[in-house]
Amino acid sequence: MSQLIAVGHYVPERRLTNLDLEKMVETNDEWIVQRTGIKERRIAADDEFTSDLCIKAVQNLRERYPSALEGVDHIVVATMTADNYCPNVSSQVQAHFGISDCGATDLNSACSGFVYGLTVAHGLICSGFNQKVLVIGADAMSKIVDFKDRTTCILFGDGAGAAILESAPTSDFLVSYTSTQGELASNLYCTGLSETIGPNRRVITQNGREVFKWAVSSVRKGVGLILEKAKMDASQLDWFIPHSANQRILDAVCEKLGIPSDKVCSALPYSGNTSAASIGIALSEGVLDQKIQQGQTLCLYGFGGGLTQSGLVCRLHQLN
Ligand code: UT7
């Protein structure tokens, strides 16, 4: 079994406000706030990449939990914006911290990545293959955003969230739900070596309306399913921590599921959509603010490119 024992996060110093965006594309603060709930996002420096964001999130974790990195024997990094095709980001993190005898896996499930990362880490520990796994969700979305495209550049920001899972007699992780609809991939993509999905623009390209509609109906259904599997109803959750895509998506999902807005933990207004990082950032900030505490029950729910979804219901035994 596995339990969460430590969290950390990092967002870059540079702020990109809605007023800044007004000077770059035809948009305005009122439209962005009304349609998305986002007031500003953080943008990595020109020479700051996803591995740097990961390293800074782990530094934050180590400052808060000084011995937590000791004995880490696998690193899982969830990202769609790796610095390089090779080496993977997890190996860059391993090298920076000088962690020996440690596996390194990158996975790409876009905005669902952090929850997929936790799910994989839980599996590695439950199998007995690993004892302590560092999971990081990180994305430098500003490196793949077209800042001339007003339908996407208003949404995304950069950041990283980190967590450590350790082998334990009882599990924090009660129920998991994963799903993907690859046939809908062309609604949200960034091309790599081929153009099989759409024109090779090497920037994040989306059909915002379609993603919006898909997210509202799929997330509502997925969260309903995971709660059913956990034999719980929404009122038994202390916190719902969804991927921070758009406030209107979250409001619509929560309204249908009966989750009050004061039970939603999200970093959306001041970080924007940070893709694989958003849930880890919200979790880490929530613990820092002492909102999220040991003994509480959480539902983490990621959704996005793929189009992927991944949810976990957890009860925190140790994390503080
Ligand atoms: O992690 C998952 C990643 N992706 C998402 O979460 C995307 C989900 N989708 C969304 O968040 C929303 O669809 C957007 C925020 C992208 C767009 O909001 P919307 O309410 O769906 O707007 P829309 O696409 O229906 O466009 C409404 C109008 C259009 O003008 P007309 O045709 O009505 O004259 C757009 O051209 O708003 C216009 N518009 C803008 N106006 C001011 C589109 N973008 C902007 C903008 N500023 N930035």
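Remember, it's 1-based here, ligands and their atoms both numbered in the order they're listed. As a basis for the values below, the full set of heavy atoms in this structure was taken, side chains included, without hydrogen atoms, waters or symmetry mates. Predicted model, so just to flag it, every value in this text is computed and none were measured.
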The one among [options] that brings a heavy atom closest to [atom]:
| atom | options | result |
| --- | --- | --- |
| atom 23 (P) of ligand 1 | E22, E26, R209 | R209 |
| atom 44 (N) of ligand 1 | W31, F156, F303 | W31 |
| atom 48 (N) of ligand 1 | R150, Q247, Q34, E30 | R150 |
| atom 6 (O) of ligand 1 | S244, A245, G37, S112 | A245 |

Side chain, backbone, both or neither: which part of T27 comes within less than 4.0 Å of ligand 1 when only heavy atoms are counted?
both
Ligand 1 contact on T36 by region, counting heavy-atom pairs under 4.0 Å:
side chain
E48/K56 salt bridge by N-O under 4.0 Å criterion:
yes
If we only count heavy atoms from C-beta on, is the Y270 to V11 side-chain gap below 4.5 Å?
no
If we only count heavy atoms from C-beta on, is the R248 to F212 side-chain gap below 4.5 Å?
yes
Go through the side-chain N and O atoms of [X] and [Y] and say whether any donor and acceptor fall under 3.5 Å apart.
| X | Y | answer |
| --- | --- | --- |
| T151 | Q206 | no |
| D139 | T79 | yes |
| S142 | R14 | no |
| Q309 | Y301 | yes |

Nearest-neighbour protein heavy atom for [atom], which is reported as residue plus atom name and distance:
| atom | value |
| --- | --- |
| atom 5 (C) of ligand 1 | Q206 OE1, 3.5 Å |
| atom 2 (C) of ligand 1 | N273 ND2, 3.7 Å |
| atom 22 (O) of ligand 1 | R35 NH1, 3.5 Å |
| atom 11 (O) of ligand 1 | N246 ND2, 2.7 Å |

Hey, is the main chain of D73 close enough, under 3.5 Å, to the side chain of D101 for a donor-acceptor pair?
no
Evaluate the 4.0 Å heavy atom contact test for [atom]: does a protein atom fall under the cut-off?
| atom | answer |
| --- | --- |
| atom 31 (P) of ligand 1 | no |
| atom 34 (O) of ligand 1 | no |
| atom 28 (C) of ligand 1 | no |

Do any N/O atoms on G208 end up under 3.5 angstrom from N/O atoms on ligand 1?
yes
Distance-only N or O hit between ligand 1 and H243, under 3.5 Å:
yes
In Å and rounded to the nearest 0.5 Å, what is the CG to NZ distance from L174 to K231?
12.0 Å
So F303 and W214, would you call those rings parallel, tilted or perpendicular, with 30° and 60° as cut-offs?
tilted
One finds that the ligand 1 atoms under 4.0 Å from a non-hydrogen atom of I154 are 48 (N)
